[in-house]
Asks: 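One structure coming up, written as structure tokens, with questions to follow.
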Amino acid sequence: MARRVTLTQYLLEQQRSHDKVSPGLRLLLEVVARACKMIGYHVNKGPLSGIGDVVGNINVQGEAQKKLDVVANEVLVEANEWGGQLAAMVSEEMDGPYIVPDRYPRGEYLLLMDPLDGSSNLDVNGPVGTIFSVLRHQDEGRVPDENAFLQPGSKQVAAGFALYGPATVLVLTVGNGTVGFTLDKELGSFVLTQPNIRIPEDTSEFAINASNARNWEPPVKRYIDECLAGKTGPRGRDFNMRWVASMVADVYRILCRGGVFMYPRDAKHKEGRLRLMYEANPMSFIIEQAGGTATDGERRILDLQPTALHQRVGVVMGSKNEVERIAAYHREAS
Ligand code: F6P
């Protein structure tokens with residue numbers, strides 16, 4: 001039987017041979033992965049879990065919070081607060097930082113998370129996921145505040161996501177390529193199944209919510225119109241379109257077979273729709289480490305200096321040559 005590499009083995013290897021993971025970061029990532037297993041368990045139960053109805057709370061983004069969002073957030077906070085590796089956490093579901101309580105040691109890392117991304121898919125049994133990102137606390141002596149988290153995405157030491165689909169997968173980067181694990185539910189371990197994810201540089205597939213077309217900026221409209229024109233248009237080939245409305249699922253598809261994922265800023269979403277710290281930064285790190293490119297249309301997302309925890313940003317990411325083409329259209333337009 002072929003030897004299986006588990007998440008633990010992979011992380012130990014990154015620690016020993018590549019010096020990419022400290023013992024503390026390894027433990028932290030294992031705890032996050034364990035929390036994802038728990039969230040996946042609740043998600044897989046569907047209506048049988050007894051959770052999933054709208055609570056009536058409105059989260060900081062102004063959206064109705066589902067019960068499972070709350071549960072996923074609690075699972076992550078409870079799993080991560082006691083280990084000693086973290087100083088604080090922020091989440092799409094919390095107003096401000098959650099400081100590790102005094103009764104536990106505070107460590108050198110900061111955790112950022114989107115506990116249940118794409119949660120509108122829950123009602124229709126569609127894929128959802130958990131996105132996370134790890135930064136180093138730059139001023140270890142001090143209790144971190146919001147400013148401690150406002151570091152550009154290029155400072156991330158790890159990022160990943162779990163996708164709760166037909167199989168539960170965990171995609172991870174520690175800055176040494178992007179890898180994918182599949183959860184063996186019987187054994188309870190994540191097994192390395194994609195040891196070196198590479199995104200093809202060219203693609204004939206794009207993902208965008210076309211119901212926003214009337215609000216798009218001219219360069220985005222130009223790009224999509226050219227794709228839609230297919231063989232007889234300037235691109236000289238047909239394009240395919242996919243939109244799962246769950247960033248984890250759309251990005252995973254791009255990691256598997258290439259493509260462009262776009263949620264650009266537009267006349268309605270003037271700053272963009274997706275969150276820089278919880279969605280765009282971790283996904284950009286993952287995409288770049290797999291050979292892809294991630295921009296806000298023009299600038300590299302990982303270079304953006306955040307100004308607020310819940311800041312939104314335009315997102316264009318995926319196959320390098322297509323993302324660069326869209327950036328070129330923006331440059332030409334300006
Ligand atoms: O930010 C949450 C999210 O569900 C993403 O996962 C997804 O890409 C996007 O919003 C879907 O947006 P829309 O509802 O406009 O299709």
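Counting starts at 1 for both ligands and their atoms, in listed order. Computed from a predicted model, the values in this text were never measured in an experiment.
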Asks: With heavy-atom distances below 4.0 Å as the criterion, list the atoms of ligand 1 near Met247.
Replies: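 Per the distance check, 5 (C), 6 (O), 7 (C), 8 (O).
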Asks: Which ligand 1 atoms does Ser246 reach within 4.0 Å, using its non-hydrogen atoms?
Replies: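 Close to Ser246: 6 (O), 7 (C).
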Asks: Examine Phe261 against ligand 1 and note whether any of their N/O atoms are separated by less than 3.5 Å.
Replies: no
Asks: Which pairs would a plain distance check flag for residues 233-246, meaning a side-chain donor or acceptor within less than 3.5 Å of a matching protein atom at least two apart in sequence or in another chain?
Replies:
from	atom 1	to	atom 2	distance (Å)
Arg235	NH1	Glu322	OE1	3.0
Arg235	NH2	Glu322	OE1	3.3
Arg235	NH2	Glu322	OE2	2.7
Arg237	NE	Ser204	OG	2.7
Arg237	NH2	Thr203	O	2.6
Asp238	OD1	Lys231	N	2.9
Asn240	OD1	Arg242	NH1	3.4
Asn240	ND2	Glu205	OE2	2.9
Ser246	OG	Pro127	O	3.0

Asks: Passes side-chain hydrogen bond (donor to acceptor under 3.5 Å, both in side chains), Asn281 versus Gln156? Steps please.
Replies: CA-CA 8 Å; Asn281 270 344; Gln156 292 170 104; 4.9 Å; no
Asks: For ligand 1, which atoms sit closer than 4.0 Å to a heavy atom of Glu279?
Replies: 1 (O), 2 (C)
Asks: Is it the case that more than 12 heavy atoms not belonging to Arg198 sit under 6.0 Å from its CZ atom?
Replies: yes
Asks: Taking non-hydrogen atoms only, is Ala245 closer than 4.0 angstrom to ligand 1 via side chain, backbone, both or neither?
Replies: both
Asks: Asn209 to ligand 1: N or O pair under 3.5 Å?
Replies: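 There is such a contact, yes.
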Asks: Please identify which atoms of ligand 1 are closer than 4.0 Å to at least one heavy atom of Arg273.
Replies: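 Counting from 1, the qualifying ligand atoms are 1 (O), 10 (O), 12 (O), 13 (P), 14 (O).
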Asks: Is Arg222 paired with Asp225 through a side-chain N to carboxylate O contact shorter than 4.0 Å?
Replies: no
Asks: Any N/O of Asn212 closer than 3.5 Å to an N/O of ligand 1?
Replies: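 No, since none of the N or O atoms of Asn212 sits under 3.5 Å from an N or O of ligand 1.
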Asks: Examine Asp117 against ligand 1 and note whether any of their N/O atoms are separated by less than 3.5 Å.
Replies: yes
Asks: May I ask you to list the atoms of ligand 1 that are less than 4.0 angstrom from any heavy atom of Gly118?
Replies: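 This gives 4 (O), 6 (O) as the contact atoms.
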Asks: Could you grab the distance from atom NZ of Lys221 to atom CG of Asn215, nearest 0.5 Å is fine?
Replies: 11.5 Å
Asks: Which atom pairs, one a donor and one an acceptor, fall under 3.5 Å between side chains of residues 37-48 and the rest of the protein, sequence neighbours left out?
Replies:
from	atom 1	to	atom 2	distance (Å)
Lys37	NZ	Gly188	O	2.5
Asn44	OD1	Lys185	NZ	3.0

Asks: Is it the side chain (CB and beyond), the backbone, both or neither of Leu274 that lies under 4.0 Å from ligand 1, heavy atoms counted?
Replies: side chain
Asks: Under a plain distance cut-off of 3.5 Å, with no hydrogens placed, do Ser91 and Asn73 share a side-chain donor-acceptor pair?
Replies: yes
Asks: Where on Tyr278 is there a heavy atom closer than 4.0 Å to ligand 1, on the side chain, on the backbone, on both, or on neither?
Replies: neither
Asks: State yes or no: are the ring centers of Tyr10 and Phe190 separated by less than 6.0 Å?
Replies: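 No, the ring of Tyr10 stays outside the 6.0 Å limit from the ring of Phe190, centre to centre.
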